[in-house]
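Here's the structure, in structure tokens; my notes come after.
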Amino acid sequence: MIEVMFGESEGETMKVAKNYRRPEFSGPTAWIGKKPSKEEFDKMFDGKAIGGNSSEVVCIPFILDIGDITVPIGSEYRKNLIFDLYTINESGDKNTLKWLEDAWDKYLKEIKRLKKYASHGECFRLWYSDAPYSLCGFYYVCNLLRENDCKISAIKLPQYMQFSDNGIQFYTTWGEINAGKFYKFLPQEKELSTCEIRSFASKWNDLKEERSTLRAVVNGKVIGVPEDFYDHIIRKEIPDGEIVMGRLIANILGKYRLGIGDWWYAKRIKKMIEHGELVVVQKQKKIYRQVLRKL
């Protein structure tokens, strides 16, 4: 079974989940603060493997809710877009750029792996959520696989799950799930019919026809929206006094769990500064450390 993920962190976690093993209590685990008791440790690392091995995980982390999707996914355009987002708080030094170049090469190879598995008739399991990047990725992959004769199933992340009589956990993305807990979602797996796959694939083509450079999930549906779609959220969280940009972004991420990356909010805050809506009180090399104030 080939597991398909749509974000880097969830892709790496899934690789661990495929053959999950709980660490030994007496092993060389490092702790910040007091080491937990054996009972606490067992609860922290309780889990099961979902079966298989890490080579059966394909990750498509192209952030497809952002940018022009009429341009081929493997183009220089999307490469530059991802680089700009990932370096928005960095200086773009040689080490960072080398890491990004390597990551991009890996991204392209993941698409080739996906197509190769499909041509061999492998079974796929797509793990997606209502986060815009994930739902867009899900439609994109359905479009890639629509003509292949292979079994495709999907598991959509629920808004919440109840794990005990008085414990409910809410979720936004698969990146919030611990490796040992993925098996708990397997009962929600649903095989997709040919009709469903074609329908989801057509949604990807519909999004391309909209020719928008930003997509959001509204009432459970992905639609093209203006680039300033989330700006009202930023404005609501800007205090009357001064605030560090990183703190402003953290407040937004904590309050509005929309599956939007910090870099997008940073990009829009930079635009507000350019337009004179915000002023930089203290400049810093890393923009997340800059102190801002409303004009």
If you count every heavy atom of other residues, nucleotides or ligands that lies below 6.0 Å from Gln159 atom CD, does the total exceed 12?
no

Same hydrophobic cluster for Val244 and Val280, using side-chain heavy-atom links shorter than 4.5 Å among ILVMFWY?
no

Show your reasoning for whether side-chain contact (heavy atoms from CB on, under 4.5 Å) applies to Tyr256 and Glu237.
CA-CA 10 Å; Tyr256 304 94; Glu237 297 307 312; 2.9 Å; yes

For the side chain of Arg146 and the backbone of Ser202, is there at least one donor-acceptor N/O pair under 3.5 Å apart?
no

Taking Met1 as the starting point, is it possible to reach Leu192 by hopping between hydrophobic residues whose side chains are less than 4.5 Å apart?
no

Hey, what do you get for CD (Gln284) to CG (Asn89), rounding to the nearest 0.5 Å?
11.0 Å

Can you check whether Met161 reaches Gln188 side chain to side chain, under 4.5 Å on heavy atoms?
yes

Do the non-hydrogen side-chain atoms of Asp231 and Ile233 ever get within less than 4.5 Å of each other?
no

Using modelled atom types and a 3.5 Å cut-off, is there a donor and acceptor pairing between side-chain atoms of Arg198 and backbone atoms of Cys195?
no

Evaluate the criterion side-chain contact (heavy atoms from CB on, under 4.5 Å) for residue pair Ile63 and Trp263; output intermediate values, then yes/no.
CA-CA 11 Å; Ile63 321 178; Trp263 23 259; 3.5 Å; yes

So, does Glu110 use its side chain to make a donor-acceptor pair with the main chain of Ile60 at under 3.5 Å?
no

If you apply the rule side-chain contact (heavy atoms from CB on, under 4.5 Å), what do you find for Lys190 with Glu196, and how did you get there?
CA-CA 11 Å; Lys190 179 183 182 299; Glu196 286 174 312; 2.7 Å; yes

Quick one: pull up CD1 in Ile273 and CG in Leu295 and give me the separation to the nearest 0.5 Å.
10.0 Å

Do other residues, nucleotides or ligands put more than 12 heavy atoms under 6.0 Å from Lys283 NZ?
no

Charged N to carboxylate O below 4.0 Å: is that the case for Glu101 and Lys98?
no

List the residues meeting ring pair (Phe, Tyr, Trp, His ring centres under 6.0 Å) with Tyr140, not counting sequence neighbours, and say none if there are none.
Trp204

Please determine if Lys116 and Glu122 form a salt bridge, counting it only when a charged side-chain N lies under 4.0 Å from a carboxylate O.
no

Do the side chain of Ser212 and the main chain of Arg215 share a donor and acceptor less than 3.5 angstrom apart?
no

Please round to the nearest 0.5 Å and tell me the distance separating atom CD1 of Ile252 and atom CD1 of Ile269.
5.0 Å

Quick one: sort the Tyr265 and Tyr230 rings into parallel, tilted or perpendicular, breaks at 30° and 60°.
perpendicular

Might you work through the side-chain contact (heavy atoms from CB on, under 4.5 Å) test for Arg125 and Ile50, ending with a clear yes or no?
CA-CA 12 Å; Arg125 184 159 51 202; Ile50 66 171; 4.2 Å; yes

What do you reckon, are the aromatic ring centroids of Phe6 and Tyr128 less than 6.0 Å apart?
no

Are Phe62 and Trp104 close enough that their ring centers fall under 6.0 Å?
yes

Compare all side-chain heavy atoms of Pro132 with those of Ile260 and state whether any distance is below 4.5 angstrom.
yes

Take a 6.0 Å sphere around CZ of Arg247 and say whether it holds more than 12 heavy atoms from other residues, nucleotides or ligands.
no

Between Val279 and Leu292, is there a shared hydrophobic cluster once you connect ILVMFWY residues whose side-chain heavy atoms come closer than 4.5 Å?
no

Would you say that more than 12 heavy atoms from the other residues, nucleotides or ligands in this model lie under 6.0 Å from the CG of Asp102, or not?
yes

With the 4.5 Å side-chain cut-off for hydrophobic clustering, are Met245 and Val291 part of the same group?
no

Above 12 or not: heavy atoms from other molecules or residues under 6.0 Å from NZ of Lys156?
yes

Are there over 12 heavy-atom neighbours, none belonging to Lys294, within less than 6.0 Å of that residue's NZ?
yes

Is the ring centre of Trp127 less than 6.0 Å from the ring centre of Phe185?
no

Strictly distance-based, threshold 3.5 Å: is any side-chain N or O of Asp68 a donor or acceptor partner for the main-chain N or O of Thr213?
no

Tell me which pairs pass salt bridge (Lys or Arg N to Asp or Glu O under 4.0 Å) where either residue lies in residues 5-20, with sequence neighbours left out.
Glu3-Lys18, Glu12-Lys15, Glu12-Lys106, Lys18-Glu56

Side chains of Trp264 and Asp65: does their closest heavy-atom pair fall under 4.5 Å?
no

Any idea how Phe200 and Tyr139 line up, ring-wise: parallel (<30°), tilted (30 to 60°), or perpendicular (>60°)?
parallel

Got more than 12 heavy atoms from elsewhere within 6.0 Å of CZ, Phe170?
yes

Is Glu227 salt-bridged to Lys271, going by a charged N under 4.0 Å from an acidic O?
no

With a sphere of 6.0 Å drawn around CZ of Arg289, does it hold more than 12 non-hydrogen atoms of other residues, nucleotides or ligands?
no

Return yes if some donor-acceptor pair links the side-chain N/O of Thr13 with the main-chain N/O of Ser9 below 3.5 Å, else return no.
yes

Can you hop from Leu248 to Val281 via hydrophobic side chains spaced under 4.5 Å?
no

Ignoring hydrogens, what is the shortest heavy-atom contact between Ser129 and Thr172? Give both atom names and the distance.
OG-O, 3.4 Å

